[in-house]
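Numbers for residues simply follow the sequence, beginning at 1. Keep in mind it's a predicted model, so treat the numbers as computed, not measured. As the structure lists them, so they are numbered: ligands from 1, and atoms in each ligand from 1.
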Amino acid sequence: MVIKGLVIIAAVVLDQVQQRMHRRFALQMRGRLGGDMAKPFRGAVIGCGFFARNHLHAWREIPEAEIVAVCDIDAGRAEAMRADFAVPRAYADADMLFAQEQLDFVDIVTTMASHRSLVELAARHGVPTIVQKPLAPSWEDCLAIVRAAEAAGVPLMVHENFRFQAPMRAIRDVLASGRLGPLHFGRISFRSGHDVYANQPYLAREERFIILDLGIHLLDLARVFLGEVVNLDCVTQRVNAAIAGEDVATTLMRHASGATSLVDMSYATRQAREPFPETFVRLEGRDGTVELGDDYRLTSVTGGRVEETSVAPPLRPWAARPWHALQDSVYHAERHFIDALAAGRMPETSGADNLKTYALVLAAYESAARGAPVAPRGR
Ligand SMILES: NC(=O)c1ccc[n+]([C@@H]2O[C@H](COP(=O)([O-])OP(=O)(O)OC[C@H]3O[C@@H](n4cnc5c(N)ncnc54)[C@H](O)[C@@H]3O)[C@@H](O)[C@H]2O)c1
């Protein structure tokens, strides 16, 4: 009990220190910009592969941000991205990028192996950072990343975009209205036969695949909807013999609130309608239920009244089906980062917050290996 109290006090103090650091940063930014908030934040995108195109498209929709440089160790990719998006400069070396550019933020869209060295580099240069998930291949690297940003006093956001998807924001609105009462059950499900390996061939070689790549988003949603997790049981399967890791996982979680949730995922599901990348959600509360079903239909039942609405994401001008739900959420994640930077607020998917999601990923793998429930670790 005493230890729990001390942990809560430490978390509150840490949060206040970080909020102060962020406010200081916002003020410094305004100073650096000559007090003229009409000038956009100058940013760079590191990593010019498959997903970075979505980031660059979305940055173009945010007038308060301007991408002044792109960087990729593959010089050809960096130059192609520079040309496609009319970015002023391209670099093949991140050290050179930071040495030559005056940056207000950096957006890291490389795969996880390079995240630690790149975030540490950004922290040494005092540059606020948004970095793609998964944060890193190991817990030690994740901690080092978060600590590097904290020690340098620079804001760090993880690009955890599922909670920024239009349907997930609609569900959060229903929860915030209080109409469901306290929740006792949740199910978050993503089952697909989509060939993810075509665009992201590296995924077929990952020994830890679906939980670390996709499940991380679903486990994050479970935290957002139902709160922190006390412990979880997970079973993994590999159906596709041609890949290195697991492509099916089923998780049962017990939340601190007393609620339970099921989080299930598959890239080995053959079905009549391919729903990729739709995520299905069901949340049951004392006073009602909300369910996100096929084609982004949201049904809520409260007080005997049934309401059905479409919460389909908009098709942004540069987006393409079926990716548009994710593409729209990239815009909202970036928008959130810039708003937080400008206001000196902590982004909601800060490095510290994302450690709690990452801890669920590790607990799921450990539970699958041991065949027993596992409590997620803390910092
Ligand atoms: N949030 C989402 O919905 C979502 C969807 C897809 C991918 N992602 C994430 O985005 C990240 C990138 O994925 P991707 O599929 O675009 O990968 P990718 O392999 O297509 O692209 C990564 C790029 O980073 C470059 N790179 C690697 N190390 C570098 C370094 N040190 N400096 C500069 N450039 C470097 C590579 O040359 C490559 O061009 C991954 O972490 C992935 O998990 C997220």
Using a strict 4.0 Å cut-off to heavy atoms of [X], name the atoms of ligand 1 that fall inside it.
X	result
Gly47	24 (O)
Ser114	28 (N), 31 (N)
Lys133	1 (N), 9 (C), 40 (C), 41 (O), 42 (C), 43 (O), 44 (C)
Ile46	32 (N), 33 (C)

Kindly confirm or rule out an N or O of [X] lying under 3.5 angstrom from an N or O of ligand 1.
X	value
Asp74	no
Asn199	no
Phe51	yes
Thr111	no
Phe50	yes

| query | So, do Phe50 and Trp323 have ring centers that fall under 6.0 Å from each other? | reply | yes

| query | Would the Tyr197 and Phe209 ring centres measure less than 6.0 Å apart? | reply | yes

| field | Parallel, tilted or perpendicular: ring planes of Phe190 versus Phe276, cut at 30 and 60 degrees | value | perpendicular

Checking a contact table here: which protein heavy atom is nearest [atom], and how many Å away?
atom	answer
atom 35 (C) of ligand 1	Thr110 CG2, 3.4 Å
atom 12 (C) of ligand 1	Val109 O, 3.3 Å
atom 30 (C) of ligand 1	Ile73 CG2, 3.9 Å
atom 7 (C) of ligand 1	Gln200 NE2, 3.4 Å

| Do Glu160 and His217 have a side chain donor and acceptor closer than 3.5 Å? | yes

| query | Do the side-chain N and O atoms of Arg335 and His332 include a donor-acceptor pair separated by under 3.5 angstrom? | reply | no

| query | Cation-pi between Arg316 and Tyr331: NZ/CZ under 6.0 Å from ring centre and within 45° of the ring axis? | reply | yes

| query | Which distance, rounded to the nearest 0.5 Å, do you find between the CG of Leu292 and the CD of Glu278? | reply | 7.5 Å

| Atom NE2 in His336, atom CZ in Phe164: separation rounded to 0.5 Å? | 4.5 Å

